[in-house]
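Working notes, beginning with the structure itself.
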Amino acid sequence: QVQLVESGGGLVQPGGSLRLSCAASGRIFSINAMGWYRQAPGKQRELVAAITSGGSTNYTDSVKGRFAISRDNAKNTVYLQMNSLKPEDTAVYYCNAGIVVGIAYLRYLEVWGQGTLVTVSS
C-alpha cells in the first residue's frame, strides 16, 4: 500500500510561521503532482498549493506571497512553508499526490494524507 504521512501542524500566533511536511511511502514507481489542501470548519476543502514533478507551482490567491510549496523527489516528500499566518488560515491541511505504484504492473492512484491541524490564534 501507499500512504502519505503529514507532520508539522500546531498552534501558532498570527504573523508566525509553520512548515508542513508530507512523506510518501510504499511501492512507489513515480509521483506526479503533489499538493496541499485545507478545510476550515463549515467550509469546503480547497486547494492551497500544488507542485508538479518538474517543480512548477501554483497557489490560491489568498496565500500568494506568504506560502511556499517545495518537494524533495529523492525523499518523496512535499513541504509547505507558511509565513505571516493569519487566523483565517486555521484549518486541517491535507496532503495529496498522484502516485504511480507497482513494479511489473503499474497503476495510478490519487492518495490523501490523514490531515494535520493548523490553528492560528493569539
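In this chain, residues are counted from 1 in sequence order.
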Taking the side chain as C-beta and beyond, is there a heavy-atom pair between [X] and [Y] under 4.5 Å?
X: E46; Y: R38; value: yes
X: W112; Y: R45; value: yes
X: V100; Y: Y108; value: yes
X: V118; Y: M82; value: yes

Count I, L, V, M, F, W, Y as connected when their side-chain heavy atoms are under 4.5 Å apart, and connections chain through other members. Are [X] and [Y] then in the same cluster?
X: L117; Y: Y37; result: yes
X: F67; Y: M34; result: yes
X: V12; Y: Y79; result: no

### Task
Kindly check if the number of other-residue, nucleotide or ligand heavy atoms within 6.0 Å of CD (E88) is above 12?
yes
#### Entry: Distance-only donor-acceptor check, side chains N32 and S53, under 3.5 Å
no
## Note on the structure
Smallest heavy-atom separation, W36 atom then L47 atom, equals O-CD1, 3.6 Å
### Message
Which heavy atom of S17 sits nearest to which heavy atom of N83, and what is that distance?
### Response
OG-OD1, 2.9 Å
Can you tell me how far [atom2] of [Y] sits from [atom1] of [X], rounded to the nearest 0.5 angstrom?
X: Q3; Y: I99; atom1: CD; atom2: CD1; answer: 10.0 Å
X: L18; Y: T119; atom1: CG; atom2: OG1; answer: 9.5 Å
X: D89; Y: S121; atom1: CG; atom2: OG; answer: 12.5 Å
X: Q81; Y: S21; atom1: CD; atom2: OG; answer: 9.5 Å
X: N96; Y: C22; atom1: CG; atom2: SG; answer: 9.0 Å

When you measure from the side chain of [X] to the backbone of [Y], do you find a donor-acceptor pair of N or O atoms at a distance under 3.5 Å?
X: E6; Y: Q114; value: yes
X: R71; Y: G35; value: no
X: T116; Y: Y93; value: no
X: Y59; Y: I69; value: yes

### Query
For the side chain to side chain contact (heavy atoms under 4.5 Å, CB included) test, which of V111, N76, V78 pairs with L4?
V111
### Task
Before accepting this row, confirm whether a basic side-chain N of the pair D61/K64 lies closer than 4.0 Å to the acidic partner's carboxylate O.
yes
